[in-house]
Amino acid sequence: MSAAGTAALVVGPVLLGAITQRTTGLGLALVGGPFLVAILGPRDGVSFGNALQVVLCVIVLVRTHRGVDTRAAGLLLAGAVVAVPLGALVVDALPEGPLLVVVGLLALAAVALSLVPRLGAWLDGTPGALTAGAVAGFVNVTAGVGGPALSAFALARRWSIEVFVPTAQVVLLVINLVALASKGAPSLGGVVWLTGLAGIAVGVVLGDVVHRRLSAEAARRAVIVLALVGALATVVRGLSVL
């Protein structure tokens, strides 16, 4: 396929993912990721998503940084930084199918755990933050979807969307930078990169509008749905290549 044809297919998922991420804190990896992998292949699709996430996280964080929970972000990153290099090693050592099934189920379990008050309370403390960060980092580098683990932690803490959006961007920014450094950037045409960046820019502007009109309860439900969809999509992807 030509670079122009690839760019035309890429812009929709990136735009939708950027809108969703500006609105709820998550989205590019969960909404756009599966399409990017289908269009560009597993390696380039995940790496391209990592690179775009770096740009998107910076833009969203600039607009929302006042709401960051710095202590929680530090604990999440402490867990993530340890797990990302381990995930990179696992990617090279294990078959893709079984690995995706395992990490998808792991992310799904984290979200389910957060929805049960007595169990989710464990995620609210320091060990829970470190664990959530580690799972997010590991899952992000292996499957490109670190969001469900962060959602589980946020739901357990009963964060408002104004806290979750910027705090998630801090963690996702570092995770994606480390993942990109460990795997390298994809070799794609300039028009594909420009289209992806344009999709992010337009998506953030539209996401600002949606965010202002979204109620707190609707935002919470959207985070839960996105997290579950992302985890389930990872399992399905793994089963499809077994």
Let me confirm one number: the CG-CD1 distance from L188 to I39, rounded to the nearest 0.5 Å. 11.0 Å
CD1/I19 to CG/L28 distance, rounded to the nearest 0.5 angstrom? 11.5 Å
Does any part of the side chain of L26, heavy atoms only, come nearer than 4.5 Å to the side chain of T20, both counted from C-beta? no
Minimum-distance pair of heavy atoms, taken over all atoms of G25 and A168: O-CB, 4.1 Å
Contact between V210 and L206 at the side-chain level, heavy atoms closer than 4.5 Å - yes or no? no
Heavy-atom distance under 4.5 Å between the side chains of F153 and T131, does that happen here? no
A134 and A83 have their tightest heavy-atom pair at O-CB, 3.1 Å
How far does CG of L172 sit from CD of Q53, to the nearest 0.5 angstrom? 5.5 Å
S187 side, atom OG; L40 side, atom CG - distance, nearest 0.5 Å: 11.5 Å
Is E162 close to T64 at the side-chain level, that is, under 4.5 Å between some pair of heavy atoms? no
Could you tell me whether the side chain of R71 reaches within less than 4.5 Å of the side chain of T126, counting heavy atoms only? yes
Kindly give the heavy-atom pair with the smallest separation between A18 and V204, and that separation in Å. CB-N, 4.3 Å
Which atom pair, heavy atoms only, marks the closest approach of F164 to L150? CE1-O, 3.7 Å
Mind checking the CG-CG spacing from L75 to L130? Nearest 0.5 Å is all I need. 5.5 Å
Taking the side chain as every heavy atom from C-beta outward, state whether C57 and Q21 have any atom pair closer than 4.5 Å. yes
Is there a side-chain contact between R157 and D69, using heavy atoms and a 4.5 Å cut-off? yes
Is there side-chain contact between T23 and V165, with at least one heavy-atom pair below 4.5 Å? no
Backbone N/O of L61 and side chain of Q169: donor-acceptor pair under 3.5 Å: no
In Å, rounded to the nearest 0.5 Å, how long is the span from CD1 of I200 to CG of L52? 4.0 Å
